[in-house]
Amino acid sequence: MGIRFVLMVNKQGQTRLAQYYEYLNIDERRALEGEIVRKCLARNEQQCSFVEHRNYKVVYRRYASLFFLVGVDKEENELAILEFIHLLVETMDRHFGNVCELDIMFHLEKAHFMLEEMVMNGCIVETSKANILSPIQLIDKAS
């Protein structure tokens, strides 16, 4: 399947966005998020951005005050996922203008919509920023 989950977390470890592409109940999600967030936030800048946890490979990157964490299958290419994270951030930057934690908090539906345009059922289906943002711009014009 590829991507199993995408998390956006602040520096204090609070989840700001969570999208899962496999079924986990609320307690499993809470436990998984807590373990992964603690593990990733405890690492320093000199360590690599890949962590193995349970049956996942977690690829993460920090942009300003937000950590973007993506859980993938063990055979997934880490560098491709880092590029996906960068594309997601660039897309959000283009829409919000230098995306920050508050943009995610106050426009959570738009952040989810961007992610849903890019990933379907755990597979990356769209990489064009213009194609990702055009439905959002149409919705903004209509409202």
**Report entry** Spacing of Glu33 atom CD and Arg38 atom CZ [to the nearest 0.5 Å]
**Finding:** 11.0 Å

Report task. With the side chain counted from C-beta on, respond yes when Thr127 and Met118 share a heavy-atom pair under 4.5 Å apart, and no when they do not. Result -> no

Report task. Check step by step if side-chain contact (heavy atoms from CB on, under 4.5 Å) holds for Lys11 and Glu101. Result -> CA-CA 10 Å; Lys11 289 190 285 189; Glu101 182 179 352; over 6 Å; no

Query - Distance-minimising heavy-atom pair for Leu66 and Ile104 - result: CD1-CG1, 3.9 Å

**Report entry** Test item: Val119 and Val6 side chains (from C-beta on) under 4.5 Å apart, heavy atoms
**Finding:** no

Report task. Mind checking side-chain contact (heavy atoms from CB on, under 4.5 Å) for Gln46 and listing every partner two or more places apart, or none if nothing turns up? Result -> Asn44

Output a table of donor-acceptor pairs, distance under 3.5 Å, between side-chain atoms of residues 109-117 and any protein atom two or more places apart or on a different chain; print 'none' if there are none.
residue, atom, partner, partner atom, Å
Lys110, NZ, Asp140, OD1, 3.0
His112, ND1, Gln19, OE1, 3.0

Query - Intermediate values then yes/no, salt bridge (charged side-chain N to carboxylate O under 4.0 Å, His left out), Lys57 and Glu52 - result: CA-CA 4 Å; Lys57 187 184 303 179; Glu52 292 202 7; 5.4 Å; no

Report task. Say whether, by atom type as modelled, one donor and one acceptor occur between the side chain of Asn10 and the main chain of Gln14 under 3.5 angstrom. Result -> yes

Report task. Using atom types as modelled and distance alone, determine if a side-chain donor or acceptor of Asp103 lies under 3.5 Å from a backbone N or O of Phe96. Result -> no

Requested in this report: Apply side-chain contact (heavy atoms from CB on, under 4.5 Å) to Arg43 and Val51, showing your working.
Outcome: CA-CA 10 Å; Arg43 296 169 62 88; Val51 176; 3.6 Å; yes

Query raised in the report: Minimum heavy-atom separation for Tyr20 to Leu32, with atom names?
Result: CE2-CD2, 4.3 Å

Requested in this report: Count the heavy atoms of every other residue, nucleotide or ligand shown that sit under 6.0 Å from NZ of Lys141, and state whether that count exceeds 12.
Outcome: no

Query raised in the report: Does anything in residues 42-61 pair up under ring-ring contact (aromatic ring centres under 6.0 Å, His included), and if so which pairs, sequence neighbours excluded?
Result: Phe5-Tyr56

